[in-house]
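Read the structure below first, then the notes.
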Amino acid sequence: MAVKEMYAIASQWNMPVPDAELAPIEIEFRDVGKAFPTKGQADAPFAIRHVNFQIRRGEVVSIIGPSGCGKSTILNMGSGLYRPTEGQVSVGGEAVTGPVPKVAFMLQKDLLMPWRSIRRNVELGLEIQGMPASQRKGIAENLLARCHLQGFADHYPFQLSGGMRQRAALARTLAIDPQVLFLDEPFSALDAQTKMILQQDLARMLYEEKKTALFITHDLVEAIALSDRLLVMSARPGTIIEEIVIDLPHRDNPLERRKLPEIGPLAGRLMDLLHVGADHELH
Ligand code: ADP
Ligand code: MG
């Protein structure tokens with residue numbers, strides 16, 4: 001039985017839903033704070049503080065918040081690049097103490113290696129894992145086809161457009177078959193149409209393969225189009241001020257979800273929460 005139906009029945013009878021019936025918690029932040037002390041500065045101010053959230057396996061959750069509120073810092077802690085100053089971060093039920101296998105990170109910059117062909121860029125993670133060449137070639141070609149880059153495997157990054165390079169970066173991210181994806185504004189450098197096409201590919205793959213994703217964007221409609229839930233952050237020291245469940249269909253089809261009449265009012269509510277348009281400094 002689907003979790004949603006179970007919830008509906010349980011709430012009708014006023015019954016608690018046993019936790020075991022839900023998907024396991026994949027990402028958890030418990031009272032997490034992070035300060036960046038510089039030399040000789042013992043009491044550095046916190047960039048984020050008292051950050052608490054849980055993400056279940058298969059969920060796509062977006063973080064939105066003003067520039068500099070600590071969104072990237074959260075992703076860097078989730079993927080083991082930064083250690084928290086206080087609190088606990090866990091992924092897959094284990095405390096994060098360094099890079100976590102089965103976790104992939106995708107950034108705004110495609111970070112493709114210019115001297116490697118697109119296929120060999122996609123194969124990079126598998127090569128590091130020691131997978132034989134023939135096997136990784138098969139995986140890379142399959143992913144390139146799914147990311148609409150068939151015919152470009154032997155091209156080099158400089159021969160591709162920005163959108164195609166970001167597609168190749170997505171294929172590389174998915175090549176290691178991660179269970180958890182951390183995505184830090186992966187589409188923000190792309191034009192509006194390219195962005196929507198890439199969102200479509202990403203959303204479908206996340207949905208079909210039941211991946212867990214924590215996504216950062218400053219595009220409010222993008223966040224609504226792609227997510228099950230949004231975490232809204234305050235300005236520095238950043239903390240989560242609101243959690244919004246996106247109870248809309250088409251999580252696997254953001255182009256369709258964008259057309260729903262609920263999108264406008266939801267985006268408006270987010271703008272109010274973030275004080276967009278209010279008379280405050282731009283960073
Ligand atoms: P966002 O992604 O929301 O724009 P960041 O997480 O990048 O914000 O940054 C939050 C705050 O933490 C900023 O004030 C930033 O200067 C600071 N910060 C982030 N990373 C570092 C770092 N490695 N060293 C020092 N300060 C940092
Ligand atoms: Mg950032």
Side-chain angles (χ1 to χ4, degrees), residues 25-39 41-56 59-92 94-100 103-109 111 173 180-189 212-224 226-246 267 269-278 280-283:
I25 292 166
E26 190 93 78
I27 305 171
E28 184 171 29
F29 275 58
R30 274 201 286 160
D31 207 26
V32 173
K34 178 73 182 169
F36 294 99
T38 46
K39 244 189 172 166
Q41 190 190 12
D43 57 344
F46 278 82
I48 63 165
R49 205 148 198 201
H50 305 307
V51 171
N52 286 288
F53 62 86
Q54 295 180 332
I55 301 178
R56 291 191 181 271
E59 270 194 299
V60 175
V61 175
S62 289
I63 301 183
I64 55 171
S67 171
C69 73
K71 303 181 292 298
S72 296
T73 300
I74 288 180
L75 252 56
N76 286 329
M77 286 192 288
S79 54
L81 298 175
Y82 292 173
R83 301 293 306 274
T85 310
E86 41 178 53
Q88 284 94 41
V89 176
S90 53
V91 171
E94 289 185 31
V96 175
T97 52
V100 187
V103 164
F105 206 167
M106 185 173 167
L107 305 174
Q108 181 181 339
K109 284 197 192 131
L111 302 177
T173 306
V180 176
L181 287 99
F182 290 111
L183 304 145
D184 194 348
E185 308 203 22
F187 307 138
S188 60
T212 309
L214 184 55
F215 188 86
I216 294 180
T217 178
H218 54 248
D219 177 338
L220 304 180
V221 174
E222 177 176 64
I224 299 167
L226 291 175
S227 315
D228 294 305
R229 222 157 19 106
L230 308 181
L231 305 174
V232 184
M233 289 183 72
S234 68
R236 190 189 169 109
T239 198
I240 293 162
I241 50 169
E242 184 110 3
E243 184 191 321
I244 298 177
V245 175
I246 308 294
R269 187 169 154 211
L270 296 176
M271 284 163 69
D272 289 345
L273 275 169
L274 295 170
H275 308 291
V276 176
H280 66 268
E281 267 179 65
L282 282 175
H283 296 276

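This is a predicted model, so every value here is computed, not measured.
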**Asked** Any Lys/Arg nitrogen of Arg229 or Glu243 sitting under 4.0 Å from an Asp/Glu carboxylate oxygen of the other?
**Response** yes
**Request:** Drop me the distance from Asp184's CG to Asn76's CG, to the nearest 0.5 angstrom.
**Result:** 7.0 Å
**Item:** Test side chain to side chain contact (heavy atoms under 4.5 Å, CB included) applied to Leu230 and Ile246, step by step
**Value:** CA-CA 7 Å; Leu230 308 181; Ile246 308 294; 3.8 Å; yes
**Prompt:** Does the Glu59 side chain pair with the main chain of Arg56, one donor and one acceptor, at a distance under 3.5 Å?
**Reply:** yes
**Complete:** Nearest heavy-atom contact between Met233 and Leu274 is O-CD2, 3.9 Å
**Whether Thr173 side chain and Met106 backbone form a donor-acceptor pair below 3.5 Å** = no
**Message:** Please evaluate residues Arg269 and Ile244 with respect to the criterion side chain to side chain contact (heavy atoms under 4.5 Å, CB included), reporting the C-alpha separation (whole Å), side-chain torsions for both, the decisive distance (0.1 Å), and the verdict.
**Reply:** CA-CA 10 Å; Arg269 187 169 154 211; Ile244 298 177; 3.9 Å; yes
**Verdict with supporting geometry, Asp31 and His50, side chain to side chain contact (heavy atoms under 4.5 Å, CB included)** = CA-CA 4 Å; Asp31 207 26; His50 305 307; 2.8 Å; yes
**Request:** Hey, could you give me the CD1/CG distance between Ile55 and Leu214, rounded to the nearest 0.5 Å?
**Result:** 4.5 Å
**From CD1 (Ile27) to OG1 (Thr212), nearest 0.5 Å** = 6.0 Å
**Request:** Indicate yes or no: at least one non-hydrogen side-chain atom of Pro84 is less than 4.5 angstrom from one of Met77.
**Result:** yes
**Asked** Do the side chains of Ile240 and Asn52 get nearer than 4.5 Å, heavy atoms only?
**Response** no
**Message:** Please find the pair of heavy atoms, one from Gly78 and one from Val89, that lie closest to each other, and give the distance.
**Reply:** CA-CG1, 4.0 Å
**Asked** Quick check: does any side chain N or O of Lys71 sit under 3.5 Å from a backbone N or O of Ile63, one acting as donor and the other as acceptor?
**Response** no
**Message:** So, taking the atom named CD in Glu222 and the one named OG in Ser227, what distance separates them when rounded to the nearest 0.5 Å?
**Reply:** 8.5 Å
**Partner residues of Thr97 under the side chain to side chain donor-acceptor pair (under 3.5 Å) criterion, sequence neighbours left out** = none
**Message:** Please tell me whether Tyr82 and Phe36 form a close aromatic pair, meaning their ring centres lie under 6.0 Å apart.
**Reply:** yes
**Asked** Does Ile216 reach the side chain of Leu75, with side-chain heavy atoms less than 4.5 Å apart?
**Response** yes
**Message:** Measuring only between side-chain heavy atoms, which start at C-beta, is Pro45 closer than 4.5 Å to Arg236?
**Reply:** yes
**Message:** I need the minimum non-hydrogen distance between Ala35 and Pro37, along with the two atoms involved.
**Reply:** O-CD, 3.3 Å
**Request:** May I ask you to test the Val103-Ser79 pair for a side-chain heavy-atom distance under 4.5 Å?
**Result:** yes
**Asked** How close do Ala223 and Ile64 get, heavy atom to heavy atom, and via which atoms?
**Response** CB-CG2, 3.9 Å
**Message:** For the CG atom of Leu183 and the CZ atom of Phe105, what is their distance to the nearest 0.5 Å?
**Reply:** 9.0 Å
**Message:** One thing to verify: whether Glu86 and Arg49 come together as a salt bridge, which I'm taking to mean a side-chain N less than 4.0 angstrom from a carboxylate O.
**Reply:** yes
**Prompt:** Rounded to the nearest 0.5 Å, how far apart are CG of Leu81 and CZ of Phe182?
**Reply:** 10.0 Å
**Request:** Kindly give the heavy-atom pair with the smallest separation between Leu226 and Val60, and that separation in Å.
**Result:** O-CG1, 3.3 Å
**Complete:** Heavy-atom nearest pair, Cys69 first then Ala235, reads CB-CA, 4.2 Å
**Request:** Step by step, work out the side chain to side chain contact (heavy atoms under 4.5 Å, CB included) result for Ser188 and His218.
**Result:** CA-CA 8 Å; Ser188 60; His218 54 248; 3.7 Å; yes
**Prompt:** Between Thr217 and Glu185, do the side chains contain an N or O donor and an N or O acceptor separated by less than 3.5 Å?
**Reply:** no
